[in-house]
Amino acid sequence: MARSWLMKSEPNDYAYGDLERDGRTAWDGVRNYQARNFLRDEARPGDRVLFYHSNVQPPGVVGVAEVASEPYPDPAQFDPDSKYFDPKATEAEPRWFVVDLVPVRELPRTVTLAEIKADPALSEMLLVRRGNRLSVMPIADAEADRIVQRAERPADGS
DNA sequence: GCCAACGTTGGC
DNA sequence: GCCAACGTTGGC
């Protein structure tokens, strides 16, 4: 059964618009073991992804994407010229995994982090837990639904 | 630019 | 295996 995820990207690095331009991309460069485990062990084709822009004003969810492949080893870990190169990774024993993403749609407006924090229905999200820095995190389908629905309404509406 | 909160590294 | 030092994330 398809599930929902939230994935963070700095738009200076890779923005939702870049995904629309590319049509498909490997979600590479995840170098955190907890996030890696989510990708490798739980992400499956058809899963819904809320695309979050971090390190930008305002931070928030800007679009919806979909997992479009099974997990596979991150090619960047084997590439000495990549900033994601990992000398300890081997083809036989890869450490890092990716899934491909395809764009679904840009949201009508950004659902900001501040707005998510202010919504009691979203207070259980990992995203708003203190100190959380995961770049890939699971979210409840109902939470994903609510964020997408919020984007259909003005920011001051509830 | 600051800095809190984490994760990782490496000496011992 | 402990833990101090260091690096990174990411909101503000």
Side-chain angles (χ1 to χ4, degrees), chain A residues 3-22 25-43 47-65 67 71-101 103 106-140 143-144 146-151 153-158:
Chain A
R3 55 183 305 179
S4 300
W5 303 94
L6 184 145
M7 299 193 192
K8 295 179 183 174
S9 184
E10 300 191 18
N12 287 339
D13 190 38
Y14 197 85
Y16 188 75
D18 295 322
L19 179 59
E20 290 192 321
R21 178 200 62 210
D22 295 342
T25 198
W27 200 247
D28 64 1
V30 172
R31 294 292 181 270
N32 168 281
Y33 286 105
Q34 198 178 352
R36 185 281 307 271
N37 291 345
F38 285 134
L39 286 178
R40 184 191 62 188
D41 302 336
E42 299 187 40
D47 285 358
R48 171 172 53 173
V49 176
L50 298 196
F51 198 109
Y52 178 96
H53 280 174
S54 64
N55 256 314
V56 68
Q57 201 50 241
V61 176
V62 299
V64 180
V67 176
Y72 61 96
D74 184 344
Q77 70 193 305
F78 308 125
D79 177 4
D81 295 327
S82 170
K83 66 176 175 178
Y84 299 127
F85 177 64
D86 184 340
K88 294 178 181 171
T90 64
E91 306 261 356
E93 287 191 58
R95 297 175 90 179
W96 308 111
F97 287 78
V98 297
V99 293
D100 287 352
L101 296 187
E106 185 172 22
L107 293 179
R109 66 175 183 83
T110 299
V111 179
T112 66
L113 177 62
E115 185 179 348
I116 290 170
K117 284 180 171 174
D119 186 341
L122 301 175
S123 64
E124 297 300 312
M125 290 183 65
L126 281 177
L127 179 69
V128 297
R129 294 285 173 77
R130 191 170 69 125
N132 172 58
R133 301 185 328 202
L134 274 180
S135 61
V136 174
M137 69 183 82
I139 72 177
E143 292 164 344
R146 186 170 178 89
I147 289 169
V148 169
Q149 286 161 11
R150 289 197 74 107
R153 295 165 166 266
D156 53 1
S158 61

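Here is the naming used below: chain letters follow the sequence lines, and residue numbers restart at 1 for every chain.
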Whole Å only: how far is the [atom1] atom of [X] from the [atom2] atom of [N]?
X: A/R129; N: C/dT9; atom1: CZ; atom2: C1'; result: 19 Å
X: A/L127; N: C/dG11; atom1: CG; atom2: P; result: 8 Å
X: A/Q34; N: B/dG7; atom1: CD; atom2: C1'; result: 11 Å
X: A/N12; N: C/dG11; atom1: CG; atom2: C1'; result: 15 Å
X: A/I116; N: C/dC12; atom1: CD1; atom2: P; result: 11 Å
X: A/N32; N: B/dA5; atom1: CG; atom2: C1'; result: 13 Å
X: A/L134; N: C/dG11; atom1: CG; atom2: P; result: 13 Å
X: A/Q57; N: C/dC12; atom1: CD; atom2: P; result: 8 Å

Run the salt-bridge test on A/R150 and A/D119 with the 4.0 Å N-O cut-off and return the result as yes or no.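 Judged by the 4.0 Å cut-off on N to carboxylate O distance, A/R150 and A/D119 do form a salt bridge.
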Salt bridge A/R31-A/D74, side-chain N to carboxylate O under 4.0 Å: yes
By nearest nucleotide on DNA chain B, pick out whichever of A/N55 and A/K88 is the more 5' one.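 Mapping each residue to its closest nucleotide by heavy atoms, the 5'-most match is A/N55.
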Between A/R133 and A/R95, name the one whose nearest nucleotide on DNA chain B is closer to the 5' end. A/R133
What do you reckon, are the aromatic ring centroids of A/F51 and A/W5 less than 6.0 Å apart?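 Between A/F51 and A/W5, the centre distance exceeds or equals 6.0 Å.
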Begin from the C-alpha positions of A/D79 and A/Y84 and carry the test side chain to side chain donor-acceptor pair (under 3.5 Å) through to its verdict. CA-CA 8 Å; A/D79 177 4; A/Y84 299 127; over 6 Å; no
Using the side-chain heavy atoms of A/K8, tell me which of these nucleotides is nearest: C/dG10, C/dC12, B/dT8.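 Among C/dG10, C/dC12, B/dT8, the one nearest the side chain of A/K8 is C/dG10.
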Short side-chain N/O contact to B/dC6 OP1/OP2 from A/Y33, under 4.0 Å: no
